[in-house]
Structure formats: structure tokens, C-alpha cells
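Notes follow the structure.
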Amino acid sequence: MSTSADDLQAREPGKNKTAGTHAEIIHGSPVYIDAKASKDAELPNAENKDDAEKLADSRDTSSPVSRTPSEHQDGDDDGQIIVSFTEHDSTSPFNWPRSKKLYVVFTGMAMVINSTLGSALPSGATGVVAEYFDVHQQELLVLPVSIYLIGYILGPLIFAPLSESYGRKIVMICTFVMFTIFVMATALSPNFASLIIFRLLAGIGASTPVSVIGGIYADIYNNQRARGVAITAFMAGTTWGPLLGPLISGFVSVGISWRWVYWIELIIVGCTWPLLIFLPETYGPVILRQRAKKMREETGNANIVAPTELEKQDLWQLVTVVLTRPIRMFLFEAIVFCSSLYLALEYGIFYIFFQAFNPIFAGTYGFNPGEVGMAFIPIGVGSVIAGGIYLWWDDCVFKARGKSTPPAWSQKEEFIRLPLACLAGPLLVISLFWLGWTARPDIHWIVPILSIAPFGVGFLLIFMALINYVVDAYEIYAASAMGAMSASRSIVGVVLPFAAKPLYARLGVDWACTLLAILSALMCLIPFVFIKYGEKIRANSKFCQELKQKKAENEEKQSQLWERQRSQQALEDLEKGV
């Protein structure tokens, strides 16, 4: 993506574009030109030179930004002045220093670990909570985990598109306040009903990181390779968070109290708050809107606007366009729909394990709650291996593309990410068969435990491959696409755990795992279909094609603008020499 403001706007496909956006560099500071006037200024004729000379003669080197922008208009006093990122603008997230980008990546990981840790935290404390509140219906005891995931359904559908209109930081802070309050409320729950309600509200507050952080990484990295590595780190957080949940709750609930499970979570939340407070806004259109507001205050010129301020923004627009975007992408975008189905199934199986590991390992081998929590560690080990595989493949693609004559496969978008999913699918199937047919009293417990590591490898590789593929395909719409995927998989994550214990009780560990393996085998076909037909699918995608057209237009417009800036700088250098 280019760094122009038009390119960073999350416009709906089919909408009319705003007028051209231009800026001039004078000693590193941006001066903003009327959109109508700049249309004539782009023409390569003598008038351009006159305009450039007028600009050079009339510039104020002490404070170029504070000048009245109407000085640079071609006689149109009513014209609006549209701010834009310039070629080397340090305020553009794409141009931020590496240390600042790493801070954003690290903060995103901390946020998602908080979010996903809370999702699985009650799983190791089920027995203690049941005894404390005298609740023994199995359907009710699943609720502390499942009700939290209902928040993951509701939140992304609202917060992800809102972050594309009002900015990432404000949405993250507001929802994290909500999360913090209700984590504390959960620790103080006077009865089981209040615990369930507080868990739901905490889940809604925790839903933002899993749906918005992918968009944040797309905001700061226009390089596909760097963005992929950042999202890999994000996915590691989404894996390790749930794995730590049962491990913490399994030991703490038995050794101390079930309430201390949530107090520990609140301590982790408190340690994350300073990172979030100092997180910079990453969404380009919002940064430009803030800049335009500041310039209006400094100059008193109400005609200075950001591109997003030219768009129609009212309640009807918010409800019918912005908030429905994730739903429309899920229903009408084949890439989002199929990816959501695959990820939803594997996500559901992952959360089935939080209910099924107890009958598998406690029932078969007599593990206590803490030991059952430790059975999840191989998934974490597998996720580390998956990260290494991802980096190896990414390096292979980078080297192939760097050759003097790059191989044809390296030029296809589908080959950058999807081969990882093609490897991951069979690993999941093998892992489920292995677990199902070795978890029995006459086989040592280490054998089924080892089967869980390939699941961790396959699980994370599928997520890394498909989420990166979706983010690469939709870029500025990435938050909405991830919101749709997060909501859909959370629905399955809510429903399937209710079936876990009945499923394993009726079919047994062997056939229950076999059923899940067969379903996973069917889903394995999706990345292969994408590899074969993905280019055609993207060609028929309304969002993808609008994005492609917008990028091409803005790259051409930006190149013209930067060429004009260089010409102006050359003119200034010539004047100084004379």
C-alpha cells in the first residue's frame, strides 16, 4: 500500500472517491494544497513552474504549517484543503521507526494474551466452583467458558468496524476498561448466576484484541513479509493464552481458592495497562483527522479537512455500512466464508479439549486438575515448532522472489501463505487419530500426551496461514474480515464444548476423536482449493477489486505528487545557488 490518505481510507466498495489529496514538503514540514487547485497543478505545463515559484517565493520557513492554506489556492476561496501523508512523513505509521513498531507488536501480543487467557481460565477450576456454589448440572458447569466466548461473538461485530471509523486506540481502551472491571467483578461473584453474567461482560470487553490487532499490524506494516511475522507473533499469543488458563486454574483453585484464579488474571491485566496507555494510534485516517483538527485550531481556517471528514458520517451510515461490514464479508466473500468455516472447526476442537481432557486423562489415567492442565503444554510446544516452520517457509519465499528470474510459483499470492495450511491439515488429522486410539489404560499416558504436539503445530499453522492470507487479501478491511472470522469461530467455540462430554461418553475417546478427525479431513481441502482457484476468487471479490483499483490509482497519484515535490526542491536548491 502507498502512504497516501486515500489508500488508507476504509471506503466501501462502489463509493465515489474524494477529490485528489496533495501535500508539499518545505523543509520537512507539510503544506496542504486545495484539492481543486492541485488538479491543475499536476498538469506538466508552464503554469506548474509558476505555481512552484509562487510557493517558493511566498513560503514562511519558520512555520510553514501555520500559514493560511488559502494562500495556495488558485482563486477558489471556498475550496477545501485536504491533508495527506507526504513521501517521508514520520507521522505515517508505515514510516515509524522499527522500535516504535516493535512496541506496537509487543503491546498487541500482551493484549491478546490477556484476552485469550481469560477464555480458558475457568476450565481447571470446574470441580471447585461446582462444590462452592453447589452446582452439579454438567450443562451449567460448561457456561463459565462458553459464555465468555459469546462475548467473542458480539464484540468483534461491533468493535472491529468501529475501529475502522473512530481509530484503534480509543476502541481498545474503552473495551479494556470494561474487561478490567468485570474480571474484578468475577473474582467477587456472590453466586453462580452473577459469575456467569460477569464472565459474559468480561468476554465482550476481551473480544477487541482478537479482532482488531490484525488490523493494527496491517496499519504499521505495508511490507507483506514484516506483516506476516507480526501476525505470527499475534497468533502465538492467541495459542499460549488459553494454554496457560487451565494450568493456572488447575493448581490455584485447588491449592488456594477459585477466586484467586481471577485475582491473578486481574494482576496480569494491571501489568498490561501501561503498555496500552502509551500505545500510539495506528490508523492512518484517524491520524490525519487529528492533524486536520490541530491545523484548524492553529490557523483558524475551517476549510482544512481530513479525507474521512469528507465522507458521509451519520447513524444510518454507521449501522447500515460500517457495522454490517463483517457480516457482509462473511456472507458474500468466499475467502472469508471458507476460512471462517475451517478456523471455526479447529477452534471448536481446541475448546472441546478443555472439556474432554478431563475424561481422557483424569478418567483414564487418574490425573488431578493441575496435571490435566499440564497436558496442554504439548500444544504450546507445537506452536513454537509451528512458528519455526513459518519463518523457514517465509525465508524460502523471500529467497525465491529475490532471484534474478523468480520461479512462477513465488509470484502467486496463494503460494506465499497457503502451503503452510496444506501441511497443517494432515497434521491435525493424524493428531486426532493418534490421541483417540492410544488413550487407554494399557498404553502409557506419555503416548497420547505426545499426540497433542502435532495438534499444536497444525492448529497454529492453519491460523497463521489463513489469517495472513485474509489480511493480505483485504488489507484496510482486515479488521472487519477478522471480526467476521472471530465471531464465526466463537459461535462454534461456544456450542461444541456443550457436546464434549456427551460425545465422549457415548462414542468413547476413540470414536469421538475419529469423528473430529474426519471433519478436519474434509476441511483440509479448503487451502488446496484456494491455491487452485484463489486468484479467480479474488478477481470476483467486490472488496478485493475495489482495493486493487484504489491502490493503483493512489500509487499513480502519489508518484505524481512526489515527482512534483522533488521538482520543487530542485527549484529551491537552484534559487539558493543563485
Are any non-hydrogen side-chain atoms of R489 and S340 less than 4.5 angstrom apart? no

Apply ring pair (Phe, Tyr, Trp, His ring centres under 6.0 Å) to Y342 and list each qualifying residue two or more places apart in sequence or on a separate chain. none

Please round to the nearest 0.5 Å and tell me the distance separating atom CG of N303 and atom CE of M295. 11.5 Å

Can you find a heavy atom in the side chain of R98 that is under 4.5 Å from one in the side chain of L102? yes

Which atom pair, heavy atoms only, marks the closest approach of L420 to A465? CB-CB, 4.0 Å

Minimal non-hydrogen separation, A481 against V470, with atom names: CB-CG1, 3.6 Å

What distance do R168 atom CZ and I173 atom CD1 have between them, rounded to the nearest 0.5 Å? 14.5 Å

Given side-chain hydrogen bond (donor to acceptor under 3.5 Å, both in side chains), test T180 with W273 step by step and report yes or no. CA-CA 10 Å; T180 304; W273 261 111; 3.0 Å; yes

I need the I335 CD1 to M329 CE distance, nearest 0.5 Å. 9.0 Å

With a 4.5 Å cut-off on side-chain heavy atoms, are M464 and F459 touching? no

State, with a plain yes or no, whether a side-chain heavy atom of D395 is found less than 4.5 Å away from one of L391. no

Any donor-acceptor pair under 3.5 Å from E281 side chain to Y283 backbone: yes

Within 45° cone of F182 ring axis and under 6.0 Å: R199 NZ or CZ: no

Kindly indicate, with the supporting measurements, whether the criterion side-chain contact (heavy atoms from CB on, under 4.5 Å) is fulfilled by V183 and F198. CA-CA 7 Å; V183 167; F198 293 149; over 6 Å; no

Between R225 and R401, is the side-chain contact (heavy atoms from CB on, under 4.5 Å) condition met? List the steps. CA-CA 12 Å; R225 190 183 188 196; R401 287 188 152 191; over 6 Å; no

If the threshold is 4.0 Å, N to carboxylate O, is there a salt bridge linking D219 and R227? no

Check: T175 side chain, M172 main-chain N or O, donor-acceptor pair, under 3.5 Å: yes

Show, in sequence, the C-alpha distance, side-chain angles and deciding distance for Y221 and F94, and conclude whether the side-chain contact (heavy atoms from CB on, under 4.5 Å) test is met. CA-CA 6 Å; Y221 289 112; F94 291 154; 5.8 Å; no

Side chain to side chain, S115 and Y152, heavy atoms closer than 4.5 Å: yes

Go through the structure and list residues passing side-chain contact (heavy atoms from CB on, under 4.5 Å) with L275, not counting sequence neighbours. Y103, F106, T107, A110

Could you tell me if the side chain of F530 sits less than 4.5 Å from the side chain of S339, heavy atoms only? yes

Nearest heavy-atom contact between L461 and A424 is CB-CB, 3.5 Å

So which atom in L418 and which in P527 form the shortest heavy-atom distance, rounded to 0.1 Å? CD1-O, 4.1 Å

Would you check, one step at a time, whether the test side-chain hydrogen bond (donor to acceptor under 3.5 Å, both in side chains) holds for E413 with Y469? CA-CA 8 Å; E413 291 295 321; Y469 180 57; over 6 Å; no

For a quick check under 3.5 Å, do Y217 and T282 share a side-chain donor-acceptor pair by atom type? no

Nearest-0.5 Å distance that lies between atom CD1 in I248 and atom CD1 in I264: 6.5 Å

Under 3.5 Å donor-acceptor, K169 side chain and F278 backbone: no

At their closest point, which heavy atom of P122 faces which heavy atom of S119, and how far apart are they? CD-O, 4.1 Å

All side-chain contact (heavy atoms from CB on, under 4.5 Å) counterparts of F337, not counting sequence neighbours: F330, L341

L266 CG to T186 OG1 distance, which is reported to the nearest 0.5 Å: 10.0 Å

I'd like to check I150 versus I147 (side-chain heavy atoms, cut-off strictly below 4.5 Å). Are they in contact? yes

Student check: side-chain heavy atoms of S90 and N95 closer than 4.5 Å: no

Assess whether side-chain hydrogen bond (donor to acceptor under 3.5 Å, both in side chains) is satisfied between R289 and Y166, documenting all intermediate values. CA-CA 10 Å; R289 190 162 68 228; Y166 299 101; over 6 Å; no

Tell me whether K293 is salt-bridged to E298, with the criterion being a basic N under 4.0 Å from an acidic carboxylate O. no

Between P280 and the options V104, I220, T91, the side chain to side chain contact (heavy atoms under 4.5 Å, CB included) test singles out V104

Hey, could you give me the OG1/CD1 distance between T272 and I267, rounded to the nearest 0.5 Å? 12.0 Å

Any donor-acceptor N/O pair, S383 side chain to G380 backbone, under 3.5 Å: yes

So which heavy atom on W96 is nearest to which on K101, and how close? O-CE, 3.5 Å

Could you tell me whether K412 atom NZ has more than 12 heavy atoms of other residues or ligands within 6.0 Å of it? yes

Would I204 and F159 count as a side-chain contact (heavy atoms from CB on, under 4.5 Å) if you check the C-alpha gap in whole Å, the side-chain angles of each, and the deciding distance to 0.1 Å? CA-CA 10 Å; I204 294 174; F159 302 136; 4.0 Å; yes

